Amino acid sequence: MTRVFFSVLSRIVGARMIGLIMRLMTALIMPLIMATTMMAAMVVHVYAETRQDAVIGLQLEPPHLDPTSAAAGAIDQVLYANVYEGLTRFTENGDIIPHLAASWDISDEGRRYQFTLHQDMRFHDGSTLDAAAVKFSLDRARSDTSTNAQNALFQGISNITVNAPDQLTIDLKQPDGNFLFKLAWGDAVIIAPDNVDQLKQSPIGSGPFKLTSWIKGDRILLQKNPDYWGMPVALDQVTFRFISDPVAAMAAMQTGEIDAFPVFPAPENLAMLATDTRLKLINGSTEGETILAINNARPPFDQRSVRQAIAMAINKQDIIDGAMFGYGTPIGSHFAPHHPDYIDLTNAAPYDPAVARQMLADAGITDLHLTISLPPPVYARRGGEIIMAQLSQIGIKVTLEPLEWAQWLEKVFRNKDYDLTIVSHTEPFDIDIYARPDYYFKYDNAPFQSIMAELDITTDPTKRRDLLHQAQRHIADDQVNVYLFQLANAGITKTDLVGIWQHAPTQAMDMTGVYWKN
Amino acid sequence: MAGFILRRLGVLLLTLFISSVIIFALLEVIPGDPALTMLGINATPETLTALRDELGLNANALSRYLSWMGGMLTGDFGLSYTYRTPVVELLADRMAITLPLAIYALIFTVMIALPFGFLAGARAGKWGDRIILFLSQIGIALPNFWFALLLIFIFAIQLGWVSAGGFSGWDKGLWHGLAELTLPAIALAIPQATILLRVLRSALIDITHQDYIRTARAKGLSRDQALWRHGWRNALIPVVTIMGMQFSFLIAGAIIIENVFTLPGLGRLMVQAIGQRDIILVEAIILMMVLIVITVTFITDVIYALIDPRLRRPKS
């Protein structure tokens, strides 16, 4: 029938005309189809309800769910503030605010903290969260047999007394200007005393979300806690999905299965993803000071001028661009740029290969051959290659030694058997590691140790600020390590999802303030 | 037949024992302390000692080996260092994905390889054979992870038919689970199928030139009838050999596909466990894989004997 129609038609108007008609029809119909589809999509959009759930991508799965007995950051990422709470907590910008504790009084020259807890707080199993539970949790964390990874946080506590169900006194061995900060850590959360045995698989916390299921290797589901003592949260359900493969993470963002991937495993693809208007970049700061650590006890690195020469041969921005695709902020000391007491010391060792070469010559060093030990993260592996090239500019021969984490911990960290290494120190406010003479970079310096000892017992903010400035300058002048850059918190989120932390003052994915914009 | 199976079973147990010694010894000498790996760089020495005590890492190697083996014999594989759950549960969770995936992929493999392999072998040199050969050449050259990405790009990102990865468990029903495993199974199966197909084809071509086929043809059977009645069974021996090896590969070697599709399978568990120095878990997984590989070899041997009665007698 159609064939007859076209043959008749072609006889009337000619074959060329038919082509033209067909093309015209396509030109008309295609936009029509597209417009209809778009209208349909808009209609769907108008009638779609605001979502009450969110799917968050994480690179690493927690090995278990007890934040008080492992260093794995993934545990805190899932549970901190969502399921477990402490007396104080971190905010997105790193401030410390009251949490389970409603208020406190400090007396006895900073040695005594009297906390008043909120009323009627309950754990997810219905049991009461009172001063006795707080005492139990903190005593457990500081005991001799404790396996708390941050056990040192609690060593200043001398005694904990319960005065009333909502009243608690903590006595310290000496004043500690940082005590409220220490209580905000994920390792200092309050756990239900009855639940200690099941802590690792079924966590019972007091937070606005509770754990509903954990499909091992794939996802963890949290559900809103209807009986939450504090401000109710917007989301009914949060799913954490664990995807470490960069390509799989890309695919999951492109299909829209994942709503936000705050620490994205493939920073090189972020710019491309962000061209999609439904997605936007997360580009904030973390507590990770990334350093080229130097074995200060091993000659010739025990000479300040050699360390200085190495530092001046390194162009930090090149490393940020080459290894981290531009995400990261150069630093000049072991201190986070977003901290209020930060001072910019990036000019303490300016990039100047000619001067660096001269300094090496003046120190009588010729033909220096060194090894850089590299743990698995990309900042180390890619950064190591760039540093190798930069050091060769001043005549230093470099061997790169890639290590697994377990090997790195054993060889570099515990046995201190290394020349140089690259690692990011992700603990917040950890400049005090330079006061530990036996720490892996072997920096034993009495003046710095006394600055830190004084800081420990100082509670006056102005004096603390002054001491912190001194401390930053001291280790920058001594050039203990080469301070490379502050690790960025680089990720991607759907534009309509509001409230994902931009910065990461601690390893947390705080979902309590997250909601969908209409 | 019973004697044959008993002899094979003895070899199986001996292999298992020797493997356990080698695995334990190898993991004993690699550097890395599970306790330090778990607690990180801020832990105090006292905390480390407390954890090492809790994990039983302070005992000497021989007594740890003996208690490990003793536990194994009574079905107790121990407690994972990092996950702090029984190793058996972890293995069972992961096997619930790896095993169905391997079987699913093997079914695809066989469904593709047998008909096309038979067709190509029976029509060697003809057009059908040439096209199949050409396509199988591509299949062999295709790296399976790249093929997996291609599948994700087409079916998940462009068409949106399936999710880009992940596995939400068997609780949602058999079909839901199988749907999530279909792309990974195809990605695993295509390269395997093309190999198997070529093995079957060349086996059939060999057989076509055998005397007994010529005799059968001389009796008046057509070429296809002769191949079907007398050639088929003989061609199966190399096919079964390759299939056994492929099944072992699908269990132990699916790690890359598991990563691309973020499936929580056995391979991914092992990589994580090695990174965290969860030695007790690594030992159990490797031993498990050894057990699977030698069991598959054992089953392959039994199938040989079923196909070919000549193999049932011990060599004299």
Side-chain angles (χ1 to χ4, degrees), chain A residues 60-64 66 69-73 143-153 155 187 199-201 213 215-219 241-245 247-258 376 403-411 413-414 423 425-427 430 433 439-440, chain B residues 30-44 46-48 50-51 53-55 80-85 89-90 93-94 97 145 148-149 152-153 156-158 160 162-169 171 256 258-265 268-269 271-272 274-278:
Chain A
L60 295 177
E61 179 176 30
H64 57 72
D66 177 8
S69 72
S143 80
D144 290 341
T145 54
S146 155
T147 52
N148 194 301
Q150 307 295 343
N151 188 280
L153 293 177
Q155 292 313 305
D187 310 78
L199 215 51
K200 293 192 167 72
Q201 300 305 322
S213 75
I215 300 168
K216 296 249 171 75
D218 191 60
R219 66 189 73 192
R241 281 190 54 190
F242 310 109
I243 302 179
S244 52
D245 189 75
V247 182
M250 268 298 279
M253 280 314 298
Q254 284 175 314
T255 55
E257 285 161 44
I258 293 202
L403 297 174
E404 260 189 295
W405 263 125
Q407 283 177 309
W408 185 90
L409 284 165
E410 180 95 18
K411 186 170 191 265
F413 185 74
R414 178 183 277 170
V423 73
H425 283 259
T426 52
E427 281 73 19
D430 54 359
I433 55 181
Y439 208 60
Y440 74 103
Chain B
I30 60 164
D33 173 3
L36 185 61
T37 312
M38 279 163 74
L39 291 178
I41 60 177
N42 257 21
T44 57
E46 296 76 34
T47 320
L48 276 169
L51 185 63
D53 275 340
E54 201 180 303
L55 299 176
S80 150
Y81 294 156
T82 18
Y83 297 89
R84 311 314 297 279
T85 44
E89 277 175 31
L90 284 166
D93 275 358
R94 301 305 173 108
I97 291 154
F145 66 90
L149 289 179
I152 291 179
F153 184 76
I157 296 176
Q158 293 296 320
V162 289
S163 76
F167 186 74
S168 43
D171 304 345
I256 295 171
E258 284 172 9
N259 252 337
V260 174
F261 288 98
T262 51
L263 297 174
R268 258 179 84 204
L269 182 70
V271 171
Q272 279 167 5
I274 292 173
Q276 288 154 340
R277 285 296 181 276
D278 195 342

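As the structure is a prediction and not an experimental result, all values here were calculated from the model. Note on naming: letters A, B, ... go to the chains in the order of the sequence lines (proteins, then strands), and numbering restarts at 1 for each one.
- Contact of B/Ser80 with chain A is not made at all, since no heavy-atom distance falls under 4.5 Å.
- Of the two parts of A/Lys216, the backbone and the side chain both hold a non-hydrogen atom closer than 4.5 Å to a non-hydrogen atom of chain B.
- Interface residue A/Glu61: only side-chain heavy atoms are found under 4.5 Å from chain B.
- Contact of B/Arg84 with chain A is made through backbone and side chain together, with heavy-atom distances under 4.5 Å.
- Contact annotation for A/Ser213: neither backbone nor side-chain heavy atoms come within less than 4.5 Å of a heavy atom of chain B.
- In this view, A/His425 and A/His334, A/Tyr440 satisfy the ring pair (Phe, Tyr, Trp, His ring centres under 6.0 Å) rule, not counting sequence neighbours.
- For a residue to count as touching a neighbouring chain, one of its non-hydrogen atoms must lie under 4.5 Å from one of that chain's; by this rule A/Asn148 touches chain B with the backbone only.
- Comparing B/Asp93, B/Leu48, B/Thr85 by how many heavy-atom pairs each has under 4.5 Å with chain A, the most go to B/Thr85.
- Of the possible polar contacts, one joining the A/Gln201 side chain to the B/Tyr83 backbone as a donor-acceptor pair under 3.5 Å is found.
- Side-chain atoms of A/Asp245 do not come within 3.5 Å of backbone N or O of B/Val260 as any donor-acceptor pair.
- Each of A/Val423, A/Ile243, A/Ile258 has some count of heavy-atom pairs under 4.5 Å with chain B, and the biggest count is that of A/Ile243.
- Only the side chain of A/Ile215 has a heavy atom closer than 4.5 Å to any heavy atom of chain B.
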